Number of protein chains: 2
Amino acid sequence: MFRGNHPTRVDEKGRLKVPAEFKRRVDELYGPQFFITSKDGKRAELYPMKEWERIEDALAKAPSSGAKKKFLDVTNYYGQVVEMDAQGRLLLPQLLREDATLAGDVAVLGMQTYLVVANDAQHRAQLAESPLTDADIDALGVVGI
Amino acid sequence: MFRGNHPTRVDEKGRLKVPAEFKRRVDELYGPQFFITSKDGKRAELYPMKEWERIEDALAKAPSSGAKKKFLDVTNYYGQVVEMDAQGRLLLPQLLREDATLAGDVAVLGMQTYLVVANDAQHRAQLAESPLTDADIDALGVVGI
DNA sequence: TCTTAGTGGAAAGAAGTGGAAGAAAGTGGT
DNA sequence: ACCACTTTCTTCCACTTCTTTCCACTAAGA
């Protein structure tokens with residue numbers, strides 16, 4: 001399980017340094033292979049290969065639909081299989097770097113089964129724009145929050 | 001399995017450079033022969049010959065229908081058997097190059113068993129036109145995305 | 001001070017590109 | 001009908017550019 005925010009940097013070659021905390025988990029639970037993609041072109045999502053394959057399988061079983069087609073179109077457009085180097089760096093796909101403004105300082109968020117990489121300023125703006133409401137929390141139906 | 005997007009170029013002779021990542025897979029699993037066609041004239045689809053033959057077989061067993069006739073009509077209209085050269089290039093059928101505006105920068109998308117070649121700008125425009133919404137994602141009902 | 005995390009960059013190798021030379025196909029004239 | 005010429009197509013060679021990998025240094029924390 002990936003948890004929390006670990007700020008890191010993207011160098012001029014477009015390489016993302018995977019924060020040590022996340023790298024430990026990756027080494028332990030998964031291999032060095034990732035599927036890096038995006039659902040909106042605004043932030044990168046890093047799926048350990050196993051997790052992405054699980055999603056592909058689930059998707060293959062789902063009936064054809066507009067949503068499914070759109071999902072495949074966009075995730076395949078931004079997506080690339082990428083291998084982490086010995087120093088724990090991932091070369092982000094160029095299209096995604098450009099569209100999501102991923103350069104210099106970025107935030108890496110643990111989202112349970114995958115990681116999100118976002119431009120810090122952009123991410124703050126989005127949080128401000130669509131904040132979590134009481135109604136959202138109620139809808140989750142989770143006790144103790 | 002073909003996955004993700006590997007941008008490449010079509011030169012003035014109409015030759016598509018197959019991205020190295022995809023070429024490796026082709027060399028490994030299939031031969032250099034492809035069936036290049038389209039279902040809508042808007043983007044090219046590249047089927048390794050084996051995969052296309054599998055489709056033909058399935059089609060031969062299906063009962064005659066309007067859908068089948070239309071499928072054969074359009075795929076045979078645009079279709080051509082093409083062999084990859086030693087440098088990993090495919091000469092795209094001229095009709096398809098014209099109708100799908102395949103020149104200069106193009107996106108090559110891995111769709112599991114086949115590849116899609118699309119004009120980059122055109123594909124982006126389509127993504128922008130019908131974006132993937134939160135509701136779409138909810139509708140998929142897949143855990144962990 | 002020692003160990004672990006993070007960074008930069010050089011060298012080797014792979015990928016991509018253009019174009020020249022050879023082959024094939026098409027055309028016209030005797 | 002055959003030959004010669006022209007033009008187009010195809011294949012392959014050679015160069016350039018980019019990518020990847022790995023080494024070594026710096027910085028930070030224990």
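All values below were derived from every heavy atom in this structure, side-chain atoms included, with hydrogens, water molecules and symmetry-related copies excluded. What you see is a predicted model; the values in this text were computed from it and never measured.
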Without decimals, in angstroms, what is the distance between [X] [atom1] and [N] [atom2]?
{"X": "Leu92(B)", "N": "dT10(D)", "atom1": "CG", "atom2": "P", "answer": "13 Å"}
{"X": "Leu16(B)", "N": "dG16(C)", "atom1": "CG", "atom2": "P", "answer": "11 Å"}
{"X": "Gln87(B)", "N": "dG18(C)", "atom1": "CD", "atom2": "C1'", "answer": "11 Å"}
{"X": "Leu91(B)", "N": "dT8(D)", "atom1": "CG", "atom2": "C1'", "answer": "12 Å"}
{"X": "Met84(B)", "N": "dT11(D)", "atom1": "CE", "atom2": "P", "answer": "13 Å"}
{"X": "Asp85(B)", "N": "dG19(C)", "atom1": "CG", "atom2": "P", "answer": "16 Å"}
{"X": "Gln80(B)", "N": "dC9(D)", "atom1": "CD", "atom2": "C1'", "answer": "13 Å"}
{"X": "Asp11(A)", "N": "dA5(C)", "atom1": "CG", "atom2": "C1'", "answer": "15 Å"}

**Report entry** Between Gln122(B) and Gln126(B), a side-chain donor and acceptor under 3.5 Å
**Finding:**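 Short answer, no.
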Query - Short side-chain donor-acceptor distance under 3.5 Å, Asp120(B) and Tyr77(A) - result: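 Side chains of Tyr77(A) and Asp120(B): pair found under 3.5 Å.
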Query raised in the report: Does any donor-acceptor pair link the side chain of Arg15(A) with the base of dG6(C) at a separation under 3.5 Å?
Result: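 It does not, because no donor-acceptor pair links the side chain of Arg15(A) to the base of dG6(C) below 3.5 Å.
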Report task. May I ask you to verify whether the side chain of Arg9(A) and the base of dG8(C) hold a donor-acceptor pair under 3.5 Å? Result ->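 Between dG8(C) and Arg9(A), which were checked side chain against base, a qualifying N/O pair under 3.5 Å is absent.
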Nearest to the side chain of [X], which nucleotide is it out of [options]?
{"X": "Arg24(A)", "options": "dA5(C), dT7(C), dT17(C)", "value": "dA5(C)"}
{"X": "Lys13(B)", "options": "dG8(C), dT21(D), dT11(D)", "value": "dT11(D)"}
{"X": "Arg89(B)", "options": "dG16(C), dG19(C), dA24(D)", "value": "dG19(C)"}

Report task. Mind checking Lys23(B) for me? I need base, sugar-phosphate or nothing, with any heavy atom below 4.0 Å counting as a touch. Result ->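 Contact class for Lys23(B): none.
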Report task. Please work out if Ala86(B) contacts a base, only the sugar-phosphate, or nothing of the nucleic acid, heavy-atom cut-off 4.0 Å. Result ->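 It contacts nothing in the nucleic acid.
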Requested in this report: Give a yes or no answer on whether the side chain of Thr37(B) reaches the backbone of Thr75(B) with a donor-acceptor pair at less than 3.5 Å.
Outcome: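 At least one qualifying donor-acceptor pair exists.
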Requested in this report: Name the orientation class of the two ring planes belonging to His6(A) and Phe22(A) (parallel below 30°, tilted from 30 to 60°, perpendicular beyond 60°).
Outcome: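 Aromatic pair His6(A)/Phe22(A) classed perpendicular.
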Query raised in the report: Measuring from Leu115(A):CG to Phe2(A):CZ, what's the distance to the nearest 0.5 Å?
Result: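 Answer for the CG-CZ pair, Leu115(A) versus Phe2(A), is 5.0 Å.
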